[in-house]
Asker: 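The structure that follows is given in the form of structure tokens.
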Amino acid sequence: MYSFAILACLISTAVAMSTTRGHHHHTGPTHSPDRNEAFVFHYNAQTQTMAVKTHRHCYLYTLSSAEHTSVHTNTGLHSIEKTMIDLIDAHGSFSTVSLHDLNTMSHDLSHFCGHLTTMKIN
């Protein structure tokens, strides 16, 4: 009788281990997909030009006389960067700058922009 009890326990344990739980369906809110965006800014003092790179393009922005001074402060620099992003988002009529013209303008800017399509935004 003792052997029968042990055998019954072993069988019930084996059956319990082989059964799987049902899938739990999540009914909470759905999550929107992750999104990344990156801008890399560069100021060229020689030409008084700010450049910004995205994953596809390089944009050039010629600083105004007031911005020549403000670019040297964090607040001024961030204001210029925001202006550039706003202009890019507005999808204005940008003029394309050839690699040759960019290299003539500044070797530094040419190196920064690399082989990205480069456009002047102002």
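Every heavy atom of this structure was used, including side-chain atoms; hydrogens, water molecules and symmetry mates were not.
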Asker: Below 4.5 Å, heavy atoms only, C-beta onward: do Thr73 and His78 meet side chain to side chain?
Answerer: no
Asker: With side chain to side chain contact (heavy atoms under 4.5 Å, CB included) as the criterion, how do Phe39 and Ile85 come out once you've worked through the C-alpha distance, each side chain's angles and the decisive distance to 0.1 Å?
Answerer: CA-CA 9 Å; Phe39 295 100; Ile85 292 170; 4.1 Å; yes
Asker: Looking only at non-hydrogen atoms, find the nearest pair between Val40 and Phe112 and report the distance.
Answerer: O-CZ, 3.3 Å
Asker: Step through the shown structure and confirm whether more than 12 heavy atoms of other residues, nucleotides or ligands are within 6.0 Å of NE2 on His111.
Answerer: no
Asker: Measuring from atom NE2 of His115 to atom CG of Leu102, what distance do you get when rounded to the nearest 0.5 angstrom?
Answerer: 10.5 Å
Asker: Among Thr49, Asn122, Ile80, which residue meets the side-chain contact (heavy atoms from CB on, under 4.5 Å) test with Leu63?
Answerer: Ile80
Asker: Looking only at non-hydrogen atoms, find the nearest pair between Gln46 and Ser106 and report the distance.
Answerer: OE1-OG, 4.5 Å
Asker: Does His107, at its NE2 atom, have more than 12 non-hydrogen atoms belonging to other residues, nucleotides or ligands within less than 6.0 Å?
Answerer: no
Asker: Show the nearest heavy-atom pair for residues Leu116 and His57, with the distance to one decimal.
Answerer: CD1-O, 3.8 Å
Asker: Search all heavy atoms of Phe94 against all heavy atoms of Ile88 and return the closest pair with its distance.
Answerer: CZ-CA, 3.9 Å
Asker: Side chains of Lys82 and Ser79, heavy atoms from C-beta outward: is any pair under 4.5 Å?
Answerer: no
Asker: From Glu81 CD over to Met50 CE, what is the distance, rounded to the nearest 0.5 angstrom?
Answerer: 5.0 Å
Asker: Indicate the atoms forming the closest heavy-atom contact of Gln48 with Ala45, along with that distance.
Answerer: NE2-O, 2.8 Å
Asker: Thr104 side chain to His100 main-chain N or O, any donor-acceptor pair under 3.5 Å?
Answerer: yes
Asker: Taking side-chain contact (heavy atoms from CB on, under 4.5 Å) as the criterion, tell me which of Thr118, Val52, Thr47 meets it with Leu60.
Answerer: Thr118
Asker: Taking the six-membered ring of Tyr59, is NZ or CZ of Lys53 closer than 6.0 Å to its centre and within 45° of its axis?
Answerer: no
Asker: So which atom in Leu109 and which in His42 form the shortest heavy-atom distance, rounded to 0.1 Å?
Answerer: CD2-CD2, 3.9 Å
Asker: Could you walk me through whether Val97 and Met119 satisfy the side chain to side chain contact (heavy atoms under 4.5 Å, CB included) test, starting with their C-alpha distance in whole Å, then the side-chain angles of each, then the deciding distance to 0.1 Å, before giving a yes or no?
Answerer: CA-CA 5 Å; Val97 179; Met119 293 179 278; 5.9 Å; no
Asker: Hey, does Thr83 have a side-chain heavy atom less than 4.5 Å from the side chain of Tyr61?
Answerer: yes
Asker: Would you mind reporting whether Thr117 and Cys58 have side-chain heavy atoms less than 4.5 Å apart?
Answerer: no
